[in-house]
Structures are given as C-alpha cells and as structure tokens.
Amino acid sequence: MRYSKLFGKTIKNAPSDEVAVNAKLLTKAGFIRKEIAGVYNFLPLGLRVLNKISNIVREEMNAIGGQELELTTLQNKQSWEKTGRWSSFDVLFKAKSQLDIEYPLGPTHEEVIVPLAKQFVNSYKDLPLYVYQIQTKFRDEKRAQSGLLRGREFLMKDLYSFHTDEKDFEKYYEIAKKAYKKLFQRLGLDAIETQAGGGTFSKFSHEYQVVAEAGEDEIIYCPAFAKASVGKPGCHFSQNQEIAGVKENESCPICQKKLAKAKAIEVGNIFPLKTKFSETFGLTYKGKDGKENPVVMGCYGIGISRLMGTIAEVYNDEKGIIWPKSVAPYQVHLIMINDKGLRIKKRADEVYEKLQKAGIEVLYDDREDVSAGGKFADADLIGIPVRLVVSEKTGDKIEWKKRSEEKTEFLSEEELIRRLV
RNA sequence: CGGGGAUUAGCGCAGUUGGUAGCGCGCACGGUUCGGGACCGUGAGGUCGGCAGUUCAAAUCUGCCAUCCCCGACCA
C-alpha cells in the first residue's frame, strides 16, 4: 500500500473528545474515527488489524471443532419475550420499523442459535456441536467509554457448544480454555484466566483479563500467574474482585505467594448455559434409549474490537503504538527519503515492488513532500513492527529497524526478503 | 440514569465594557530544503452545535434542546 493513496492519515493532535489512550492513539494514527459515542468507523489500517485478530481467533476456533456461521443482527422479538430478556436485558437495543414492529438488535445470540439448532439437532448423533460467528454486536450501554473498550457497537466472536450431558460439556470447556490461552498468546497478550460469577446462568464462569490501567474490572491474582503460560508450569489463581474469597496481600490458596490486585480489561469470557435456553425453546435430543433430553450448552465470547483497543493500551510508548507482529496492519513500513533527483524514489519503488512480489505486506511511505522526520514520526505512531528505509545513505542496502528497538542494520534485498518470508 | 465539564475552519485552540471572527497544524499553489514532525511567500476554507429571546447590534447576555467527555450507578 502506498501511503500517499491511503484513506486515513495521521494527525498531530488527537480530537479533544478522546481521552482513552487507545482511542487517542488509534485516532491519531489513522486506524479509527468516531461516529457517535461508543461507535467507531474502522479505516483501512484499523480494519486490517481487526481482520488479523479475527483470523487468529477463527483459526483457534476451527481447531477446536468450531463451525463458522453468521447469525442475524436484526432479531426476533418473540424469542426474546420467550426467554424474558426482552424486558430484563437492560442494554438491549430495540429498533422499531415503519410498520411499528419491534426488533431486538443482537447483543448476543442465544435467542437465535437455539431455535436454529432445534431444526437440526434431533439425536445424540448430532452432538456435540460447536458453532461460532464473528459479528457486530449492539449493546445500549448507558455510558459508552474508554474508546474501543466499551462501545455500543462492537465486533465480537461468540461460540456456542451443544452437548448431551454436563460431563461432555465440561470436557469441552477445558478444551476451550486451552484454545483461549493459546489464542491470547498469539495476540501477544498475557490474559489471566479469572474465576468470575456466573451471572444469571450458573454459579461460575471464567473471564480472560489483561492487566491494564484502563481496565474496568479488578482482579485478585497470584503474581506467579504472569509466568504461567501454555505448556509451562505456574500458579493459576485469579478471581474477579466481585466474587473474590480472598484479599490483596493474603497468601495464594494454591502456592502461598502474596496475592496482588490489579485493574484489568476483560477480553473474553466463557460460561456454562446448562439447559436454560434449551429448555426454554425445547431443544432436546433423543438418546440411545429413545428418551428426549434437554441439550446442555456453553457460551464462549471474545471481544475482537475490544482486543484491538486493549493491544493499543498495552503496547505503546510516547511515540505511538507498537503492534505485535501477529496483528500489525502490515509486516513492514518502507520509508523513502527523497534526494534531489528521482533516483532514490525509483529505487524505493523497486524495493516496494520486490517485497510485494515476495508476498510481504508493506506500507510504503512514498510521499515526496514530507521530510524524513515527519515520516519517521508517522512510522512510530502507526507502529508497524519493522521499519525499512531507502535513502542516499543506504546505498544498495536497505536499513532495517524494529519499532521496539533503537538498533539499525543494513541488509541486502535478498537478506531482507529471506528474513521476512 | 444522577453529578460535573465541554461545543468557534478538517484537527488543536484564542476570542469580556455586546460592534458581524483569529492563531497553529493540516490543505492548495510557487520557491528553497531533504536522516527525527524544515523554511519563505501566496491562497482557499466559518450558517461560532441548534432553536427561541433580550438588543440598533449577539461567538459574547437569557432560556430550552442536542451532542461529546469525565466521575458515579449500571454492565446477561
């Protein structure tokens, strides 16, 4: 992509109505633009990040048997009345048509997926079943805030699992936990699996919490947690403050270390639905014995757009964002520093073409009327992990610099491509 | 939903005895620059959030409304 043609430019001053770090940085860098409170447009750079996050989530959901589908946003009022949530779900958007018909705007999709599953699930042979979607959700938050962290319209992945019994559900619940840990790691996030209340559905649930000052939740957790990751030993104690049976500075019930308290952003949660919805809608299956039983369900959510905001909150410095490689909008940011003639420009164009041919995603700052300093500042703000420079100084080499480091090296085209492919 | 603050050019802001609006950035054009947000010159860009009121005259005073932000409550 040539920066000169990119829709969405960087700006020096963030709009004064943005206070949250993620919203400020993402707006300045040209990733998002606010439409109304809690509702953001995703510009080309922002959409690329969103898609990268979605794809990682998608891969991990597919890996645990998830089948992707897409459910409707405009939903069925009758179904919501049936579950009682038409009146009890306090953040439900209700849209009224010209014919005075009311429609819920989907904040979650149990009311859609369960009646739908009823059309296909008849026998124990149809179970277990895992379906998910990545879709825009609507929640009429009384107060939208913190940029992408709490919006009224946001992108979310929701997976629903269907089982013959509790035991099978519990097995899958553990599988989902592992997938979640792996997925957050791939996104560069240390998401702490935290015990939380079960809301109206059950006694417990698990939230995935990323420690950050901007977080709205508070967790009491074992500091040894940070070191615990997939495949590595470590303590896994963490509870949401709301339900915590222990306090800060008390000793960890598992490993006796002193517990810490921190603000955190909830980037995902998983919880049992048991038979609440299947009973309401009559979702049953016939067992081997010929008897009808209610289907046991689980629900697994991840806030995709919230993750984008979370990553911006966690990975930044005074100059801008520092995207983890896995979600960066482009692999490299190529900068051309003008000379008097068009020699450098021509050479940089060639490098750009070669990189593209090699299948490398490159954002190419080809602007002829911007100073080197201006381009460097923009590159730092946008936060692509690798910066490349072609200038008079670089000769027949190309300068390589990581966004996260000061060190620069000079590589030949071949070395460069080898390193990136 | 309660409390507080804000709204003037694309963005950041200034604008008090009330006299029909200005600065910086950005943008356009010309020129000089060219490795950490360069410089000079010229220029375009505004129903001062909306509606009503007071006044000879309103960005400025009054009322109502809208929107945005923050704190709190809320957040299956």
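Just so it is clear: chains get the letters A, B, ... in the order the sequence lines come, proteins before strands, and each one is counted from 1. Side chains are part of it too, since the values below use all heavy atoms of this structure and drop only hydrogens, waters and symmetry mates.
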With Lys82(A) as the cation and Phe277(A) as the aromatic partner, state whether NZ or CZ is under 6.0 Å from the six-membered ring centre and within 45° of the axis.
no

Given [options], which nucleotide is nearest the side-chain atoms of [X]?
| X | options | result |
| --- | --- | --- |
| Phe376(A) | G12(B), G35(B), C70(B) | G35(B) |
| Phe89(A) | G36(B), C69(B), A76(B) | A76(B) |
| Lys401(A) | C34(B), G36(B), A76(B) | G36(B) |

Can a side chain N or O of Gln145(A) be found less than 4.0 Å away from OP1 or OP2 on C68(B)?
no

Is the phosphate of C69(B), meaning OP1 or OP2, less than 4.0 Å from a side-chain N or O of Lys34(A)?
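Yes, within the criterion.
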
Could you label the plane-to-plane angle of the Tyr172(A) and Tyr300(A) rings as parallel, tilted or perpendicular, counting under 30° as parallel and over 60° as perpendicular?
perpendicular

Donor-acceptor pair (no angle test) under 3.5 Å: [X] side chain, [N] base:
| X | N | value |
| --- | --- | --- |
| Glu399(A) | G35(B) | yes |
| Arg387(A) | G36(B) | yes |
| Arg150(A) | C75(B) | yes |

Working for ring pair (Phe, Tyr, Trp, His ring centres under 6.0 Å), residues Trp400(A) and Phe410(A)
CA-CA 6 Å; Trp400(A) 163 291; Phe410(A) 294 87; over 10 Å; no

Which residue lies toward the 5' end of RNA chain B, Val19(A) or Val91(A), if each is placed at its nearest nucleotide?
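Residue closer to the 5' terminus by nearest nucleotide: Val19(A).
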
For nucleotides C56(B) and C68(B), find the distance between their P atoms and express it as a whole number of Å.
38 Å

Taking atom C1' in both G19(B) and C61(B), what distance in whole Å separates the two?
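The answer is 15 Å between these two C1' atoms.
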
Could you please name the partner base of A44(B), counting Watson-Crick and G-U wobble pairs only when both distances are under 3.5 Å?
none

Looking only at the side chains, is there a donor atom on one of Gln209(A) and Asp217(A) sitting less than 3.5 Å from an acceptor on the other?
yes

